[in-house]
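Notes follow once the structure below has been shown.
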Amino acid sequence: MVVSDMAAPEEPPRAPLLRVEQVSKQFPGVLALNEVSLEVYPGEVLGLVGENGAGKSTLMKILSGVYQPDGGHIVLDGKPVVIHNPRQAQDLGISIIYQEFNLMPNLSVEENVFVGREPNSGKVVRWGQLRKQTEELLDQLGVRLDPGAAVRSLSVAEQQMVEIAKALSLNARIVIMDEPTSALTDREVAALFDIIRGLKERGLAVIYISHRLEEIFTICDRVTVLRDGELAGELSIEEATPDRIVRLMVGRPLGDLFRGEEAERRLESLAARPPEPVLEVRGLGRTGTGQDPAAIVLEDVSFALRPGEIVGLAGLVGSGRTEIARAIFGADDYDRGEIIVSGKQTRIRSPREAIRLGIGLVPEDRKLQALVLNLAIRENMALSVLDRLSRFGIVLLGAERKLARDMVQALRVRTPSIEQKVLNLSGGNQQKVVIAKWLALRPKILIMDEPTRGIDIGAKAEVHGLMHQLAADGVAILMISSELPEIVHMSDRVLVMRQGRIAGELARHEATQEAIMALATGVVGTIAPAA
Amino acid sequence: MVSETSAVGGTAALEPPKRRIDPIELLGRFAPVIFLVVLAAIFTSQQPAFASETNFWFLLRQNFVYGILAVGMTFVILTGGIDLSVGSVVAFAGMVAAAVAKGSNWRDVGNPDPGGSAVLLAVLAAIAVGAGAGLIHGFCVAKLKVPAFVVTLGGLAAWRGATQVMSQGTPINRFSDDYRFWGSGWILGDRVPVPVAIFAAFVIVGYLVLRFTTYGRSIYAVGGNPEAARLSGLNTTGLIMSVYVISGFCAGLSGFLLTSRLGAAEVVAGQGYELIVIAAVVIGGTSLFGGEGSVLGTLVGTLLIGVLYSGLAINNVNPYYQPIIIGVIVVLSVYLDQLAKRRRRA
């Protein structure tokens with residue numbers, strides 16, 4: 001390498017703000033981090049990627065003082081530091097914005113930003129000052145928010161802004177963001193990126209953790225890849241390609257990431273001989289939510305689903321996608337319309353009845369709605385087919401074990417044993433357990449609500465592969481996703497929802513991200529998707 | 001600055017899990033058993049007769065009511081619920097059983113019941129009263145969505161009141177030998193007390209049901225994550241109702257057995273039992289949040305309380321101290337359990 005003696009004028013040699021030197025962390029039975037090193041410079045965004053279980057969270061918890069490393073050092077401003085607890089991390093200027101926010105929903109924006117540090121005279125809070133300081137912070141961020149508004153009334157994106165304002169108020173110099181966009185719409189993501197660029201300009205260092213590679217390429221200057229607790233590689237964004245990052249993350253090429261040809265073949269045969277629909281929804285409607293009895297949740301929703309096709313259900317958060325899924329599955333009731341399964345009109349009143357009709361639902365939130373975390377993989381996989389795996393009410397343990405072993409193998413669930421509690425699995429493997437549970441049922445109709453949310457790219461490819469395989473076996477799949485690339489890539493056709501109605505349907509060749517967004521927002525014209 | 005490590009194929013490994021023995025985890029998991037053994041050893045060293053067979057059966061005979069109630073309570077707590085009404089249901093079911101056995105002149109204190117089929121009727125009446133009470137509780141919890149704590153707190157008051165109204169403050173006593181047999185008789189060569197055998201049957205059946213049946217599995221699922229259980233096609237409403245019926249069934253039968261053992265149906269029967277029963281279940285490692293625990297743990301918890309009470313009596317400790325000790329042990333055992341769980345998760 002030739003070193004030019006003419007130093008580039010715009011880039012003087014910089015000292016890293018934070019250096020992590022050969023940090024290791026051991027948990028009972030697992031080496032979570034093995035001599036991992038990384039550095040972050042002021043005014044840069046470092047992308048931190050890796051599959052679930054790669055050690056990102058552990059590293060983050062070490063930086064925030066939740067865990068103590070077993071080996072290695074953390075060097076801040078050239079001085080080694082020991083971070084004993086989260087409070088000390090704050091004092092050192094390290095702020096972390098977790099996926100689940102640490103906000104008090106019933107307090108106002110300003111109270112949340114300055115909680116425990118309110119400007120005061122003696123014991124009395126100086127509210128005027130508090131308001132002023134909060135407004136200044138929000139101005140710096142370019143965010144328009146009422147400092148007096150209760151946090152619970154804010155959108156997820158706005159709550160995130162409150163977290164960022166809080167970090168700034170703590171004089172943070174390093175801001176770590178864990179999957180900050182997982183619950184944001186594209187427009188909100190764009191706004192967040194503007195704010196991150198602002199932080200950069202002010203000389204802060206940002207560590208950006210995300211599964212979404214396109215975001216890494218949009219916002220990061222460098223990217224560090226972890227795999228199995230080790231440093232797998234470090235790339236500047238110029239030398240990085242999605243393929244290269246993925247290879248570093250999973251340690252193998254993702255040959256089966258896109259099964260384009262097979263999908264095309266399936267589509268052709270569907271078009272040649274369209275089978276009778278297995279599910280027909282006609283004029284489905286529901287009025288009233290917990291908060292507003294007059295709100296229209298679903299209105300005149302009609303569509304059909306044929307065996308062997310994957311239909312994408314797109315739309316903004318709150319447009320009624322999940323509500324359709326839950327209505328069909330009998331999880332929520334509906335007021336109007338009819339549901340016809342395999343040509344027979346039915347009134348589905350409970351998930352139990354839906355399951356009997358051959359409908360499965362992979363719900364939106366696997367931990368809250370799909371898994372019993374305390375039970376073993378085996379027990380979770382058998383949960384919806386207990387009737388089949390039993391005789392006279394007694395569980396046939398042998399059959400149950402065989403089912404679990406077969407599923408673990410077929411879906412490549414990474415676990416030492418089928419007796420492992422689901423609690424101890426990574427997000428991707430948990431999602432595979434959820435899917436296995438429904439595969440065990442051999443459904444005719446499988447509704448998948450955000451089937452790859454929060455799982456890593458390797459597991460995501462496997463889930464997608466599996467969906468293609470199921471469709472090839474004749475299962476009708478209705479896939480809900482907030483990720484437009486996923487919708488575009490996976491769907492044979494796309495239904496787009498807006499305000500509880502189906503705003504339009506797009507065939508595979510028409511379904512571009514722009515076309516979907518136009519239908520979803522009702523704005524015809526050019527809406528550039530973020531990233 | 002690229003450092004790419006070699007590609008590793010990612011297939012699912014299926015070796016058996018590596019078992020690492022963590023002393024604190026073991027201590028947490030087996031704390032009740034260890035504690036039981038240690039206590040028994042201490043009391044035996046003070047009083048060798050403590051370990052005798054006679055005392056063994058005596059101890060079980062003292063505690064069978066708690067034991068049977070605790071089996072039912074385990075089902076309830078596994079779903080994340082609670083049943084505070086058991087003591088009052090015991091009293092009411094006992095009163096009804098006594099009245100049914102004695103027939104039309106049940107207020108006549110002088111004559112015992114006729115025995116024979118009258119006793120059978122009494123048992124059925126007690127069970128029907130208990131299961132019926134449980135059904136009402138279960139309906140309020142599962143269908144009307146009133147918190148279990150509130151429903152069964154109401155039950156605690158109401159069934160005691162029902163007992164008072166029925167008895168008008170006078171106990172019913174004098175029973176036939178047939179009636180007394182179930183609570184005070186002996187079987188298997190006069191070595192095993194009848195109610196202890198019944199208790200054993202409850203433990204065995206409870207254990208088998210929870211461990212091996214789809215019903216048992218569903219109970220754990222509902223307790224662990226009710227929404228996931230519902231979306232997996234389980235009839236969660238029915239399951240939740242059923243555990244209160246089971247608890248009520250246990251309380252109903254216990255009510256009969258208690259009158260049979262004491263030879264009297266009293267207004268104050270079973271008072272405060274809910275505390276001891278819940279303590280036994282919790283000490284046995286069943287989580288009050290639901291989804292975790294077992295009948296075997298409950299058995300150990302029951303024995304632990306029994307051994308403790310009897311040991312304290314041997315040592316002439318004023319019985320007024322017993323509730324304090326129980327309270328401390330409950331908190332301590334849950335603390336140890338939590339400690340072990342945190343260890344497992346870290």
ask   = For A:Leu46, which of A:Asp221, A:Val40, A:Val223 qualifies under side-chain contact (heavy atoms from CB on, under 4.5 Å)?
value = A:Val40
request  = Would you give the length of the straight line joining atom CG of B:Leu135 to atom SG of B:Cys140, rounded to the nearest 0.5 angstrom?
outcome  = 9.5 Å
key: Any donor-acceptor N or O pair under 3.5 Å, side chains B:Asp83, B:Thr152   = no
request  = Would you give the length of the straight line joining atom CD1 of B:Ile278 to atom CD1 of B:Ile283, rounded to the nearest 0.5 angstrom?
outcome  = 11.5 Å
key: Distance-only donor-acceptor check, side chains B:Tyr215 and B:Ser242, under 3.5 Å   = yes
inquiry  = Under a 4.5 Å cutoff for heavy-atom pairs, which residue among B:Gly224, B:Gly291, B:Ala221 has the most contacts with chain A?
reply    = B:Ala221
ask   = Given a strict heavy-atom distance threshold of 4.5 Å, which part of A:Leu368 is in contact with chain B: side chain, backbone, both, or neither?
value = backbone
message = What I want to check is whether the side chains of A:Glu230 and A:Asn34 have a donor and an acceptor closer together than 3.5 Å.
response = yes
Proximity breakdown for A:Lys437 and chain B, heavy-atom pairs closer than 4.5 Å = side chain
task = Could you tell me which portion of A:Ala331 (side chain, backbone, both or neither) has an atom closer than 4.5 angstrom to a non-hydrogen atom of chain B?
result = both
ask   = Is it the side chain or the backbone of A:Leu371 that comes within 4.5 Å of chain B heavy atoms, both, or neither?
value = backbone
query = For the atom pair CD (A:Glu234) and OG1 (A:Thr224), what is the distance rounded to the nearest 0.5 Å?
reply = 4.0 Å
task = Against chain B, label A:Arg326 side chain, backbone, both or neither, depending on which of its atoms sit under 4.5 Å from a heavy atom there.
result = side chain
ask   = Pick from A:Leu383, A:Ile355, A:Leu389: which one has the most heavy-atom pairs with chain B under 4.5 Å?
value = A:Leu383
key: Part of B:Leu234 within contact of chain A (heavy atom distance under 4.5 Å)   = both
key: Side chain, backbone, both or neither of A:Leu397 within contact of chain B (heavy atoms, under 4.5 Å)   = side chain
